[in-house]
Amino acid sequence: MNKRPNVFDRLLAVVSEVPSGRVTTYGDVSAQVVGTTPRLVGFALAGLGEDTKVPWHRVVNAAGRISLPADTPARAEQVKRLRAEGVRFSADESIDLEAFGWF
DNA sequence: TCCATGACCGACT
DNA sequence: AAGTCGGCCATGG
């Protein structure tokens, strides 16, 4: 009932705006939403859940690298989905934001 | 109600 | 060039 959605919902809305085959960074997402910090972006996605409809896998850190720990199944899932969308990874599993960046 | 932590980023040393 | 520190909002005990 709040006319103004929380930052949480706004972040999800921005992430949902990211087209397929393209990625964005936590910092960029927070930059689109006023009053939000990169930390909240990560925390927001972390609390999403498995049945979320938000393309959280299109969000990576400023280094173009996936933030999730290596022992996290979600990380492998993210890479798998990005590859399916045509996103290419460098030798160290980093993404060229200049080429696949949303902006 | 208060304290501590979190999928980060930027600037400084 | 690499490592360290603080800051922001939200959630949980």
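Lettering of chains follows the sequences in order, A, B, ..., and the numbering in each one begins at 1.
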K.L.:
With rounding to the nearest 0.5 angstrom, report the CH2 to CG distance, A:Trp102 to A:Asp28.
P.N.:
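Atom-to-atom, A:Trp102:CH2 and A:Asp28:CG are 9.0 Å apart.
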
K.L.:
Would you kindly confirm whether A:Leu11 and A:Val59 end up in one hydrophobic cluster when ILVMFWY residues are joined by side chain heavy atoms under 4.5 Å apart?
P.N.:
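Yes; A:Val59 is reachable from A:Leu11 via cluster members.
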
K.L.:
Of all residues at least two apart in sequence or in a different chain, which pass the side-chain contact (heavy atoms from CB on, under 4.5 Å) check with A:Asn61?
P.N.:
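side-chain contact (heavy atoms from CB on, under 4.5 Å) check on A:Asn61 returns A:Tyr26, A:Ala63, A:Arg65, A:Ser67.
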
K.L.:
Say whether A:Leu48 and A:Ile66 are linked into one hydrophobic cluster, either directly or through other cluster members, by side-chain heavy-atom distances under 4.5 angstrom.
P.N.:
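A:Leu48 does not cluster with A:Ile66.
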
K.L.:
For A:Gln78 and A:Val60, which heavy atoms make the closest approach, and how far apart are they?
P.N.:
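Distance-wise, the nearest heavy atoms are NE2-CG1, 3.9 Å.
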
K.L.:
Atom NE2 in A:His57, atom CG in A:Leu45: separation rounded to 0.5 Å?
P.N.:
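It comes to 11.5 Å.
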
K.L.:
Using modelled atom types only, decide if a donor and an acceptor are shared between the side chain of A:Thr52 and the backbone of A:Val54 within a distance under 3.5 Å.
P.N.:
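Yes: the side chain of A:Thr52 pairs with the backbone of A:Val54.
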
K.L.:
Backbone N or O of A:Glu98 within a donor-acceptor pair of the A:Asp96 side chain at under 3.5 Å?
P.N.:
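Yes, A:Asp96 side chain to A:Glu98 backbone: donor-acceptor pair under 3.5 Å.
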
K.L.:
Kindly compute the distance separating CZ (A:Arg22) from CD1 (A:Ile95), expressed to the nearest 0.5 Å.
P.N.:
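Between A:Arg22 CZ and A:Ile95 CD1, I get 12.5 Å after rounding to 0.5 Å.
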
K.L.:
When you measure from every atom of DNA chain B, which of residues 62-74 of chain A have a heavy atom less than 4.0 Å away?
P.N.:
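When residues 62-74 of chain A is checked for heavy atoms under 4.0 Å from DNA chain B, the hits, listed by number, are A:Ala62, A:Ser67, A:Leu68.
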
K.L.:
If we ignore hydrogens and angles and just use 3.5 Å, is the side chain of A:Thr72 paired with the main-chain N or O of A:Arg75 as donor and acceptor?
P.N.:
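No, the answer is negative, given that no donor and acceptor are paired below the 3.5 Å cut-off.
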
K.L.:
Mind listing the closest non-hydrogen atom pair of A:Trp56 and A:Arg81 along with its distance?
P.N.:
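Smallest interatomic distance, heavy atoms only, reads NE1-NH1, 4.2 Å.
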
K.L.:
If you walk 5' to 3' along DNA chain C, what is the first nucleotide with an atom under 4.0 Å of a heavy atom in chain A, and what is the last?
P.N.:
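Reading along DNA chain C, I get C:dG7 to C:dT11.
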
K.L.:
Could A:Glu85 and A:Arg58 be called an ion pair, given the rule that one side-chain N must be under 4.0 Å from one carboxylate O?
P.N.:
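Yes, this pair counts.
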
K.L.:
Give, ordered by number, those residues of residues 77-103 of chain A having at least one heavy-atom distance below 4.0 Å to an atom of DNA chain B; if nothing qualifies, reply none.
P.N.:
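None, since no heavy atom is under 4.0 Å.
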
K.L.:
Of the residues in residues 17-37 of chain A, which ones touch DNA chain C at a heavy-atom distance under 4.0 Å?
P.N.:
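Under 4.0 Å from DNA chain C: A:Gly35, A:Thr37.
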
K.L.:
Identify the 5'-most and 3'-most nucleotides of DNA chain B with at least one atom closer than 4.0 Å to a non-hydrogen atom of chain A.
P.N.:
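Here the contact window of chain A covers B:dG6 to B:dC9.
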
